[in-house]
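Both ligands and their constituent atoms are indexed starting at 1 by order of listing. Given the structure is predicted, the values throughout are model-derived calculations rather than measurements. What's counted below: heavy atoms across the whole structure, side chains too, no hydrogens, waters or symmetry copies.
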Amino acid sequence: MKKSQNPLYEGRSPSTGVRSTPDRFFYSPGSHYSEASTVRNRKTSKNSLAMAAKAVAGLFVACFTPPETNSSKDFVNSNEFKPSPVISDGSRSRVSTERRRSSSQGLYVSSNNSTRGGDQSGNVQITMEEIYRATTNFSPSFKIGQGGFGTVYKGRLKDGTIVAIKRAKKSVYDKHSGAEFQSEIRTLAQVEHLNLVKFHGYLEFEDERIVIVEYVPNGTLREHLDCLQGNILDLAGRLDIAIDVAHAITYLHMYTDHPIIHRDIKSSNILLTENFRAKVADFGFARLAADTESGATHVSTQVKGTAGYLDPEYLKTYQLTEKSDVYSFGVLLVELVTGRRPIEPKRELKERITVKWAMKKFSDGDAISILDPRVENTAANNLALEKILELALQCLAPRRQNRPSMRRCAEILWSVRKDYRELAASDVLLQPSYSKRSNSTREQ
Ligand SMILES: Nc1ncnc2c1ncn2[C@@H]1O[C@H](COP(=O)(O)OP(=O)(O)OP(=O)(O)O)[C@@H](O)[C@H]1O
């Protein structure tokens, strides 16, 4: 089904994700993407694949050593901006066209020394100089995080846009030949949805590889479950977050004729807005799903992801399908209701693997004992808990064909929320003190 026909996206703001199929910024299956060779009969233009592949081949030849702040300063002062040898081919216009179509506020970020104000196609450009200025030469005071990909900085672009600037670390290139970086760019460049972190662009200059994405100000879901932000997420808020995530993954899975598998759905990859809307981040491991129309049912690939969230069937067979994300989503649902991490090494043996412990309690009819102790014990919460666990159980089915689609998960969660709200409303009548929500101003 095309997204425009998808009821999941009807009635939402334009930014929720419906846009026409873009010219895709795919790279040709090559050494970095050998698994993609099992995906048959791509409808993507062969010319664009070849152009993009050329661009990528050029991107990652050099050993990558990001300069630290001193050399960065030198760089800014020297004004030695060299045009990229690779972006000047068709891949550049491919991205710029896509950004122009997909978002009026999309930025085209190039690796050359163009000054701000746009290129011939009217796209805004950003230079490495601007990135250095935005982060005061990658000053530690602008650092907001550190992940497998590299260091993340917060910065303000000249036009005032606040962005997250992800600076790849050397080992990403040494270990992965840049594949993770390419994957992140390739995927980010294609997608746009309210519940996905928005891509602003990327930039490569000499040893620097920079991805610029929307800044999401309210920390990660994991931080909120750990109460690091000082407030307790109530169950209604958690349910809303689960629905947002389900929408984001459904969008990826139903993405025109080339679905995308996220491969690293986890609570630390879910960022929250001030209104507690969830945005799924980190497409570093994303891979294109198999083209089911052509008969392929999976993409064979080396296992990547995060321990505790990994689909056991994918681990066993190396066969990746959308249902691997569904499994990870099941783990996330359990995490949301228990507040626990998927692996809790300090707990007694039978509680260390959270899903195993939770599912056992659920099947023993003792769901209530696994509810996050910080969440109130109300009739509405108990009902939602049971229903969420029932869905989690389906998502965690050992065999992928027994797991629901992400779209189905979203539909089930809508109905859970509807029932929850009705019951919570009657709870409030009976018990006026109940209703405190950390996110009462949340957008709908
Ligand atoms: N777009 C963003 N807006 C705000 N903060 C962000 C953004 N992206 C990342 N961060 C912060 O930076 C941290 C590191 O992010 P990053 O995506 O690099 O790694 P990660 O997802 O935490 O780890 P891993 O590499 O294992 O997936 C995040 O935990 C978050 O705190």
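- Taking the six-membered ring for Trp and thresholds of 30 and 60 degrees, Tyr251 and His193 have ring planes inclined between 30 and 60 degrees apart.
- Contact between Lys266 and ligand 1 is present, with at least one heavy atom of the residue lying under 4.0 Å from the ligand.
- Applying the 4.0 Å criterion to heavy atoms of Asp264 picks out, from ligand 1, the atoms 27 (O).
- Near Ala164, meaning under 4.0 Å from one of its heavy atoms, ligand 1 places the atoms 1 (N), 2 (C), 3 (N).
- The number of heavy atoms from other shown groups lying within 6.0 Å of CZ (Arg156) does not exceed 12.
- Between Glu313 and Lys316, none of the side-chain N atoms (NZ, or NE/NH1/NH2) sits under 4.0 Å from a carboxylate O, so this pair counts as no salt bridge.
- A donor and an acceptor atom, one from each side chain of Tyr314 and Arg400, are nowhere located under 3.5 Å apart.
- Near Gln146, meaning under 4.0 Å from one of its heavy atoms, ligand 1 places the atoms 13 (C), 14 (C).
- Put simply, the residue from Glu274, Glu192, Glu214 that forms a salt bridge (Lys or Arg N to Asp or Glu O under 4.0 Å) with Lys279 is Glu214.
- Only the backbone of Glu214 comes within 4.0 Å of ligand 1, counting heavy atoms alone; no side-chain atom from C-beta on gets that close.
- Atom numbering of ligand 1 starts at 1 in the shown order; those under 4.0 Å from a heavy atom of Val213 are 1 (N).
- Counting atoms of ligand 1 from 1 in the listed order, those under 4.0 Å from a heavy atom of Tyr215 are 3 (N), 4 (C).
- The pair Glu335-Lys266 does not count as a salt bridge, with every side-chain nitrogen at least 4.0 angstrom from each carboxylate oxygen.
- Side chains of Asp159 and Thr161: a donor on one and an acceptor on the other come within 3.5 Å.
- Proximity to Asn269 (heavy-atom distance under 4.0 Å) selects the following atoms of ligand 1: 21 (O), 27 (O).
- Considering each of Ile270, Ile212, Leu271, the one bringing a non-hydrogen atom nearest atom 7 (C) of ligand 1 is Leu271.
- At under 3.5 Å, not a single nitrogen or oxygen of Thr220, backbone or side chain, sits near a nitrogen or oxygen of ligand 1.
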